[in-house]
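Data block below; observations after.
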Amino acid sequence: MDNSRHQNAEAEEKTLNFIEQIIEEEIAAGKNGGRVYTRFPPEPNGYLHIGHATSICLNFGLAAKYNGKCNLRFDDTNPSKEDVEYIDAIQADIQWLGFQWEGKALYASDYFRQLYDWAEKMIIEGKAYVDDQPAEVISAQRMSPTEPGVESPFRSRSAEENLDLFRRMRNGEFKEGSRVLRAKIDMASPNMLMRDAIMYRIMYTPHHRTGNQWCIYPMYDFTHGQSDYLEGITHSVCTMEFEVHRPLYNWFLDQLIDTEYRPRQIEFARRNVSHTVMSKRKLLELVQKKYVSGWDDPRMPTISGLRRRGYTPESIRMFAEKVGVARREIVVDIALLEHCIREHLNLTAQRVMAVLDPVKVVISNYPKGQTEFVQIENNPEDPDAGMRNVAFSGELYIEREDFMEDAPKKFFRLTPGGEVRLKGAYIIKCTGVEKDRAGSIQTIYCTYDPDSKSGSGHEASNRKVKGTLHWVSASDTIDAEVRIYDRLFKDEDPDGHKDADFKEFINEDSLKTIKGCKLESGLKTAKPGDRFQFQRLGYFCVDKDSTEGNLVFNRTVALKDTWAKMQNEK
RNA sequence: UGUCCCAUUGUGUAAUGGCAGCACAGCAGAUUUUGGUUCUGUUAGUCUAGGUUCGAAUCCUGGUGGGACAACCA
């Protein structure tokens with residue numbers, strides 16, 4: 001029984017996704033000499049997000065699995081949308097995720113010369129022509145997917161004239177938008193992209209790498225397959241929206257390449273995540289309209305946002321692995337991402353005492369002015385994490401919500417006359433409270449049982465204490481600011497609305513800042529990027545906004561809290 | 001009224017003509033110095049109608065539903 005279950009688990013791990021199946025079949029058939037070479041080809045026009053992260057994991061993961069290589073290639077053929085800022089950010093994000101591309105980062109713009117020569121070759125062979133019509137006319141002539149298009153009157157120009165015009169395009173003799181180079185394919189094709197796709201357009205925008213060297217730029221379709229070919233890519237993995245481009249991808253290679261080797265385009269489905277947006281256009285809008293603080297706002301699904309929030313590379317890789325690969329539109333529940341980060345942080349994050357909403361506890365029978373140190377495990381999941389000393393005294397802070405005067409039966413924490421254990425220290429009993437005029441509790445009075453110290457051997461003392469509370473000694477705390485992020489969007493998914501104005505979808509409570517939190521003094525030395533588990537409250541990461549005297553924490557994710565859930569259900 | 005892609009529990013993903021499995025979420029219980037973690041159990045699925053077959057989630061046909069394509073974007 002156990003044995004068979006174990007075997008099933010192993011079998012499951014070995015399950016191949018459909019891309020791996022394709023690759024293994026090709027390897028078995030001896031294609032490309034068994035070589036596997038992939039690439040990740042972002043356009044540098046925005047920051048990478050969790051969707052790119054899964055694509056990165058796929059491409060680099062395939063290369064790693066089959067002892068191959070993976071390139072990073074910037075698809076920088078449209079200077080009007082691109083910027084070096086993004087190039088740096090993209091490289092940093094990929095490396096942070098734990099991947100390293102083969103050699104130096106590559107650029108489609110590296111191939112501008114080669115692509116130009118190929119374009120001339122096609123012109124000479126009568127496979128491409130210069131069209132003098134404006135964009136609207138060309139677009140109208142393509143007609144609709146349900147009816148054949150109309151051929152351009154310039155379609156039958158001589159090769160000599162086309163070559164002359166194309167060279168003059170390159171030399172800057174024509175106005176932007178006045179002429180394009182088109183492939184001569186089939187204006188009646190049911191695939192709109194095959195209706196004489198545009199290969200080159202005139203653009204006087206300086207390019208972030210080639211400057212003013214070129215004033216004509218190749219289109220995606222005339223660039224991508226050939227770039228793959230030049231780099232020796234075997235598997236060009238992209239998202240489903242490029243599926244209709246595949247015939248064009250192959251068509252261009254067929255015109256230009258006479259080797260047996262061809263890169264192969266394989267499409268898989270974009271992996272959307274619930275409660276967020278993934279389109280670059282919309283993310284840019286969130287940044288520009290200042291709905292968020294920037295690309296790395298911890299509520300953003302960008303890699304930099306997730307990083308700042310406290311997500312680990314391991315958790316994102318685990319997410320990509322668990323989501324899998326398919327060929328249909330999907331929306332992954334964000335709960336899976338949250339599961340992955342909890343799983344990793346549970347194993348690695350140091351536990352720490354932190355009180356977000358402090359209320360004072362005075363232990364009346366504890367010797368006045370005395371402080372002792374109690375030993376507490378740094379991480380019960382990790383035996384190597386060791387112990388630390390935490391100051392304990394007669395004046396403490398506990399979480400305000402951990403005390404209730406009229407508590408329901410299922411409340412396990414402190415109540416008048418009730419007992420709880422203070423984590424790592426003693427059992428205390430509540431003897432009374434002091435309130436201000438408004439009736440809000442100022443101080444909780446308790447007595448402690450000196451025989452109940454953790455690890456003393458007398459802990460049990462013949463009684464069972466249901467609750468355990470976190471605390472900090474009033475004599476030994478540091479103050480901190482804690483930022484709690486909820487989902488940026490309400491339940492309704494703005495990604496589903498083509499022209500959504502985000503205002504109506506944004507959850508106004510998505511960011512809550514709590515000041516005056518009390519932390520154990522050991523956190524003095526915490527640095528931006530350090531991650532902790534605040535007992536019962538969740539996982540937190542030190543933010544870059546922290547200063548010497550004021551630590552700022554972002555809550556990465558809350559712990560599961562069944563008590564809170566019970567409360568919500570009422 | 002075109003071409004192409006897709007349809008397995010709430011979500012994601014396996015099963016490649018032979019026992020519908022796994023994960024997340026949910027529910028119940030055990031353990032627990034934090035109502036967490038860990039462990040155990042459990043609810044729930046092949047879009048639909050035909051066909052082929054000893055046998056269909058899988059192959060075929062029709063239907064339904066979802067998606068992509070009509071940028072000088074990628």
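In what follows, every chain begins at residue 1, and chains take the letters A, B, ... in the order their sequences are listed. The basis for the numbers below is simple: all heavy atoms, side chains too, and nothing from hydrogens, waters or symmetry mates.
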- Query: Is the cationic atom of A:R209 (NZ for Lys, CZ for Arg) positioned less than 6.0 Å from the six-membered ring centroid of A:Y107 and within 45 degrees of its normal?
  - Reply: yes

### Task
Would you kindly check whether a donor in the side chain of A:S454 faces an acceptor in the base of B:U33, or vice versa, at under 3.5 angstrom?
yes

| request: Fit a plane to each ring of A:W471 and A:F392, take the angle between them on a 0 to 90° scale, and name the class: parallel (under 30°), tilted (30 to 60°) or perpendicular (over 60°). | output: perpendicular

- Indicate, yes or no, whether a donor-acceptor pair under 3.5 Å links the base of B:G36 to the side chain of A:R342. no

Would you mind classifying the nucleic acid contact of A:N191 as base, sugar-phosphate or nothing, using non-hydrogen atoms under 4.0 angstrom? nothing

In whole angstroms, the gap separating C1' of B:A30 from NZ of A:K466 amounts to 14 Å

Testing the 3.5 Å rule here: is there a donor-acceptor pair between the side chains of A:T468 and A:R413?
no

Requested in this report: Tell me whether the guanidinium CZ or amine NZ of A:R179 lies under 6.0 angstrom from the six-membered ring centre of A:F174 and within 45° of its axis.
Outcome: yes

> If we take the C1' atom in both B:G29 and B:U48, what is their distance in whole Å?
Replying inline: 40 Å

Look at all strands and tell whether A:T77 reaches a base, only sugar-phosphate, or nothing, counting heavy atoms closer than 4.0 Å.
sugar-phosphate

**Message:** Please give the distance between the P atoms of B:A7 and B:C39 as a whole number of Å.
**Reply:** 33 Å

Indicate the ring-plane relationship of A:Y217 and A:H207, choosing parallel, tilted or perpendicular according to the 30° and 60° boundaries.
parallel

Note to self: Determine whether a donor-acceptor pair (one donor, one acceptor, N or O, separation below 3.5 Å) exists between the side chain of A:H245 and the base of B:A74.
What the structure shows: yes

Here the distance between atom P of B:G35 and atom CD of A:E399, to the nearest Å, is 14 Å

In this structure, CG of A:L48 is separated from OG of A:S55 (nearest 0.5 Å) by 9.0 Å

For RNA chain B, the dot-bracket notation using Watson-Crick and G-U wobble pairs below 3.5 Å, [ ] for pseudoknot-type crossings and | for other-strand pairs, is .((((((..((((....[..)))).(((((.......)))))....(((((..]....))))))))))).....

Practice item. Sticking with atom P, work out how far B:U61 lies from B:C5, rounded to a whole angstrom. Key: 12 Å

Using a heavy-atom cut-off of 4.0 Å across all strands, would you classify A:H470 as base, sugar-phosphate, or nothing? base

In whole angstroms, the gap separating C1' of B:C72 from CZ of A:R179 amounts to 14 Å

Exercise. With under 30° as parallel and over 60° as perpendicular, where do the rings of A:H52 and A:F40 fit, or are they tilted in between?
Worked result: perpendicular

* **Nearest-Å distance once atom C1' is located in both B:A14 and B:A57** => 11 Å

- Query: Quantified in whole Å, what is the C1' atom distance between nucleotide B:A28 and nucleotide B:U43?
  - Reply: 10 Å

Euclidean distance for P, B:C59 against B:G65 (whole angstrom): 22 Å

When A:P42 and A:E343 are each assigned the nearest nucleotide of RNA chain B, the 5'-most assignment goes to A:E343

